[in-house]
Each structure stands twice: as structure tokens, then as C-alpha cells.
Amino acid sequence: MQRRTLLNFLPTVLAAATALVYVTTSGYTASPGSGPVLAAAAKFAAPKPGTVSSAVGSVVTRSITSPITRSAAPAARETELEERTQQALDVLTSKVGQVSHPSALQDAFESYFAFKAVHPEQVRKPYLYFVDYGLSSATPRGYVFDMDALKIVDGPFMVAHGRGSAANHDGVPTRFSNAFGAATTSLGLYVAQEIYSFTGHASGRLYNSVGLRLAGVSRGFNDNARARGVVAHGAPYVTATRAGRSEGCPAMEPSRAQRLLPRLANGGLVFLFAPNRDWMTRDPWLPARAD
């Protein structure tokens with residue numbers, strides 16, 4: 001895997017001081033196109049006191065004004081963000097089955113660690129629910145990872161996609177939307193919120209399961225999720241061998257939902273992936289791509 005550099009050190013003391021003042025006074029917030037943003041980069045790449053680099057500062061002016069790119073010039077050292085992502089990949093990649101794109105896991109882990117760096121108060125659980133929607137609904141494509149222990153809690157298992165995302169039950173979803181009424185899956189990063197009693201319809205009948213509300217934080221791609229009623233939940237149309245279609249929810253088997261969703265609630269993260277170029281190049285929690 002080609003490593004990605006997040007920061008280059010400032011060439012002059014003056015530029016470093018200017019950048020540092022900006023960070024400490026502006027209350028900078030993540031925005032679309034900015035990648036994991038300056039706050040994460042500054043936290044992970046801050047030099048240790050007493051070093052030469054600490055004298056000139058470690059905040060890069062370019063990071064304030066332009067997105068992080070995969071083609072960034074090689075840096076003298078890796079940031080902690082890169083190291084954590086690489087460690088997770090080294091441990092977990094061989095334990096994960098089929099994926100639809102070479103960067104599927106890398107994107108999931110980068111997003112997890114970047115968001116946690118910027119919003120540690122929101123990430124109160126170490127669990128990441130990952131779904132690869134580049135695979136068909138006839139393929140197990142869901143995992144729950146423990147990102148502290150770097151182990152698979154469960155997976156792979158079947159997960160439903162939105163009926164508006166694919167024309168048939170067994171196809172690969174190709175349409176993704178954040179729009180109301182679209183019944184589509186929305187890609188990107190979510191914060192797992194509260195558990196509640198979910199009621200749904202399947203084959204003309206009501207059913208009850210556990211539900212997990214989701215707050216989409218990939219602005220422009222999934223930030224309507226909570227208002228749209230897109231949640232993680234158990235559903236009878238998802239079994240050990242097949243997954244039906246939802247209204248856009250990453251639904252799983254009812255028994256699995258009872259076991260996993262409470263662990264994710266109130267502070268876990270969810271990452272829904274597909275090899276969709278528009279989303280992959282614009283999600284605010286991923287580095288901008290030239291490839």
C-alpha cells in the first residue's frame with residue numbers, strides 16, 4: 001500500500017507562527033473536501049517539545065487551504081494517523097474476506113481514526129460497523145471491528161441495501177443518495193446513537209426488532225440519514241444466506257442485531273463503502289484523490 005502523507009513541515013518560523021495562531025483562534029471545523037482536516041493532522045503530527053521542528057511549528061499552511069491529497073510529497077516521518085491506519089490494515093486485512101476495491105478497508109480505517117481525532121467526545125466506543133456495498137447482497141459484506149483490540153467482533157455477515165440502490169434483490173447496489181424518499185443507501189461515515197424499539201414491514205406483515213439511530217457525518221452524502229429514518233436494525237428478510245432490500249438501512253439478521261447493535265450504540269461508528277468515484281473523491285473524512 002502506498003503511504004499517504006498528511007503534513008509537510010513549514011519552511012519558515014514566520015509561516016509556522018501564522019498557521020499556529022490561525023488554529024488556536026479560529027475554532028476550525030471540518031468541511032467537505034478538506035479530508036480529515038487540520039485538527040486531526042495537527043493533533044497527530046505535532047512535534048515533541050524541544051525538537052527543531054517544534055521551533056518552526058508543525059502545522060502546514062497548505063492543510064488549512066486545500067485538501068489532503070494521496071499524491072502529497074513524501075514526508076520525513078509518518079503521522080500517528082497514518083501509523084494507526086497501517087497497523088489496523090496489517091492486523092485485519094488478512095482476516096477479512098472478499099472486498100470490492102483495494103482501498104475499502106483503508107478508507108474505513110482512515111475515516112474512523114480521523115473522525116476520532118477531531119471528535120473524541122463522540123467516539124465513546126471502540127467499535128466500527130463496516131459494510132462493503134461494492135459486493136452483491138448474496139455475498140456476506142458486513143463486519144464489526146474492535147478498533148482498540150484490532151480484532152473482528154463479528155463477520156462477514158449478510159447486510160441489506162436500499163431498494164432504490166439496485167434493481168433486484170441479488171444485485172450490486174449502484175445508486176446512492178442522501179435524498180428524502182429515495183429509499184437508497186447513503187455512503188460514508190456515521191456516528192451510532194441511541195437504541196430504540198424498531199417496527200418494520202416485511203411481506204405485508206409488521207415485525208419488531210432492535211433499532212440503532214445513525215447520525216451521518218459525511219456532509220452532502222449521508223447527513224440526512226437521521227431525518228430520513230435510516231437506521232441499523234434487524235430484519236426478517238436478512239438471513240444467513242441472503243439479504244433482501246431495505247428502505248436504505250444497513251439491516252442485518254434479527255438475532256445478530258440484538259447482539260451487536262447495543263455494543264455500537266452511543267459512540268460507535270458505522271462506515272458504508274462502495275467503489276463510487278463521486279463519493280470517494282468528495283467525502284470529507286477521506287483524503288482527496290487523484291486516482
Side-chain angles (χ1 to χ4, degrees), residues 30-37 67-68 70 85 96 98-116 128-137 139-145 155-167 171-193 212-233 243 245-252 264 268-289 291:
S31 60
S34 64
V37 302
I68 297 166
R70 295 184 182 227
T85 299
V96 172
Q98 182 181 359
V99 293
S100 66
H101 191 277
S103 73
L105 288 177
Q106 184 171 355
D107 286 353
F109 298 159
E110 281 188 336
S111 294
Y112 176 90
F113 288 121
F115 186 84
K116 184 177 180 179
L128 173 65
Y129 175 23
F130 164 76
V131 184
D132 186 349
Y133 281 122
L135 302 175
S136 78
S137 58
T139 304
R141 53 188 177 179
Y143 292 84
V144 172
F145 299 110
F157 52 83
M158 309 300 288
V159 183
H161 58 249
R163 59 179 173 81
S165 290
V172 176
T174 57
R175 297 186 296 274
F176 304 97
S177 173
N178 195 32
F180 289 90
T184 52
T185 294
S186 299
L187 302 177
L189 189 68
Y190 301 75
V191 177
Q193 298 188 317
L212 174 63
R213 298 198 190 278
L214 304 175
V217 295
S218 292
R219 192 164 67 183
F221 293 97
N222 67 7
D223 52 342
N224 289 331
R226 176 138 185 157
R228 289 176 60 203
V230 173
V231 301
H233 63 86
R245 291 179 296 175
S246 67
E247 296 298 300
C249 302
M252 60 181 71
L264 286 157
L269 295 183
V270 176
F271 187 80
L272 306 185
F273 175 88
N276 177 278
R277 181 171 177 79
D278 179 57
W279 165 70
M280 292 174 75
T281 56
R282 294 172 54 211
D283 188 292
W285 296 105
L286 291 175
R289 299 170 189 258
D291 57 342

Got a second to check how far Gln106's CD is from Phe273's CZ, nearest 0.5 Å? 10.5 Å

Flag side-chain contact, heavy atom, 4.5 Å: Ser165 against Thr185: yes

Rounded to the nearest 0.5 Å, how far does CG of Asn222 lie from OG of Ser177? 11.5 Å

Do Arg163 and Glu247 make a side-chain contact, defined as non-hydrogen atoms from C-beta onward lying under 4.5 Å apart? yes

Who passes salt bridge (charged side-chain N to carboxylate O under 4.0 Å, His left out) against Arg226, sequence neighbours left out? Glu194

Given Phe113, Phe109, Tyr129, the one that forms ring-ring contact (aromatic ring centres under 6.0 Å, His included) with Phe145: Phe109

Contact summary for Arg213 and Val231, nearest pair of heavy atoms: CA-CG1, 4.0 Å

From Asp107 atom CG to Asp283 atom CG, the distance as rounded to the nearest 0.5 Å: 8.5 Å

Are side-chain heavy atoms of Val191 and Leu269 found at a separation under 4.5 Å? yes

Identify the heavy atoms of Val172 and Leu135 that sit nearest to each other, and give their distance. CG2-C, 4.0 Å

From CG (Leu189) to CG (Leu286), nearest 0.5 Å: 8.5 Å

Looking at residues at least two apart in the chain, or sitting in another chain, which of them share a side chain to side chain donor-acceptor pair (under 3.5 Å) with Asp223? Asn178

Measuring from Leu272:CG to Ser111:OG, what's the distance to the nearest 0.5 Å? 11.0 Å

On a heavy-atom basis, the closest approach of Leu128 and Ala108 is CD2-O, 4.1 Å

Look at the rings of Phe130 and Phe271 and say which category their plane angle falls in: under 30° parallel, 30 to 60° tilted, over 60° perpendicular. parallel

Partners passing side chain to side chain donor-acceptor pair (under 3.5 Å) against Ser186 (at least two apart in sequence or in another chain): Arg228

Here the pair of heavy atoms bringing Ser137 nearest to Met158 is O-CE, 2.9 Å

Roughly how far, to the nearest 0.5 Å, is CD of Gln98 from OG1 of Thr139? 5.5 Å

Closest heavy-atom contact between Val99 and Ala104? CB-CB, 4.3 Å

May I ask you to decide if Gly164's main-chain N or O and Arg245's side chain share a donor-acceptor pair within less than 3.5 Å? no

Parallel, tilted or perpendicular for Phe176 and Tyr133, by the 30°/60° rule? tilted

Ala166 and Pro173: which non-hydrogen atoms are nearest, and at how many Å? CB-CA, 3.9 Å

